[in-house]
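Beneath this line is the structure, given in structure tokens, with notes to follow.
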Amino acid sequence: DEDGNDVRGRARGQVGRLLNGPILLVARDLGDSALISGRITSALWTVALLGVVLSIASGLIASWLASRRVEALAATAHEVMSGDITSRAPVRGENDEFDTLAIAINAMLDRLQHLMQVSRTAGDAIAHDLRSPLTRFRQKLEAALETPPNVEADREALRVALEETDSVLDTFSAVLKLARVEGNVTWRFER
């Protein structure tokens, strides 16, 4: 050191021989560099460990939040499967993938509910349309049975019954055609 005392430390250098002469050692003291390098290494290990811990914690939190959203969607599906067609998936307004999925599920459920209502209405209309000719058919058969046997009147009753049967069959055919048209998604208009 400056006082002439021997000091031990780390150094980096090279040893070489001068021309036919003494050995020359050129070195640089690494004391400050080693201290700085040690501190940087220690800081990097601390940051790396902290990064790993924070990554694990944020991953667990993110997966927990995602599983809660999935559970909410699954709960909606179970409610619909149990018969509550008015149940809808929660949309939190975060505009993430779960909101996109919830909006799509809700649109699908709205469409399904609409189709069920249309089907119910169509079923009621079909039942009403079939009830009238079947009621007339039954009344004419009862009237024919209550009158005394008469070949001409019986033949007329059978002819009217046949017409009423054709009317009922025409209604059934129209319903079946309508069901085929609604069920066929590949239909197209033609001239």
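Not one N or O on the side chain of Ser42 forms a donor-acceptor pair closer than 3.5 Å with the backbone of Gly38.
Ion pair Arg155/Glu152 not flagged as a salt bridge, since none of the NZ, NE, NH1 or NH2 atoms sits closer than 4.0 Å to an Asp/Glu carboxylate oxygen.
Heavy-atom minimum distance, Ala11 versus Ala27: CB-CB, 4.2 Å. Here the shortest heavy-atom pairing between Ile105 and Leu73 reads CD1-CD2, 4.2 Å. Closest of all the heavy-atom pairs between Asp99 and Arg92 is OD1-N, 3.0 Å.
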Run the side-chain contact (heavy atoms from CB on, under 4.5 Å) check on Gln117 and Thr121 step by step: do they pass?
-> CA-CA 6 Å; Gln117 183 63 34; Thr121 304; 3.7 Å; yes
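One distance of note links OG of Ser58 with CG of Leu65; it measures 11.0 Å at 0.5 Å rounding. In this structure, NE2 on His114 lies 11.0 Å from CG on Leu112, to the nearest 0.5 angstrom. Rounding to the nearest 0.5 Å gives a distance of 6.5 Å between OG1 of Thr165 and CG of Leu169. Rounding to the nearest 0.5 Å places CZ of Arg39 at 12.0 Å from OG1 of Thr41. The CZ atom of Arg69 sits 9.0 Å away from atom CG of Leu101, with the distance rounded to the nearest 0.5 Å. The CD1 atom of Ile23 sits 9.5 Å away from atom CG of Leu18, with the distance rounded to the nearest 0.5 Å.
Counting only heavy atoms from C-beta outward, the side chains of Val168 and Glu164 never approach each other to under 4.5 Å. Leu24 places none of its side-chain heavy atoms less than 4.5 Å from the side chain of Val15.
Within a 6.0 Å radius of CG in Asp6, no more than 12 heavy atoms belonging to other residues, nucleotides or ligands are found. In this structure, Met116 places its CE atom where only 12 or fewer heavy-atom neighbours from other residues, nucleotides or ligands lie under 6.0 Å away. Taking a 6.0 Å sphere around CD of Glu94, one finds it holds more than 12 heavy atoms contributed by other residues, nucleotides or ligands.
Under the 4.5 Å side-chain heavy-atom criterion for Ile, Leu, Val, Met, Phe, Trp and Tyr, Leu109 and Phe98 are members of the same hydrophobic cluster. One hydrophobic cluster, built from ILVMFWY side chains closer than 4.5 Å, cannot hold both Leu44 and Val53; they sit in different ones.
Residue pairs meeting the side-chain hydrogen bond (donor to acceptor under 3.5 Å, both in side chains) criterion with at least one partner in residues 70-83, sequence neighbours excluded, are Glu79-Ser87. Residue pairs meeting the salt bridge (Lys or Arg N to Asp or Glu O under 4.0 Å) criterion with at least one partner in residues 102-114, sequence neighbours excluded, are Arg88-Asp110.
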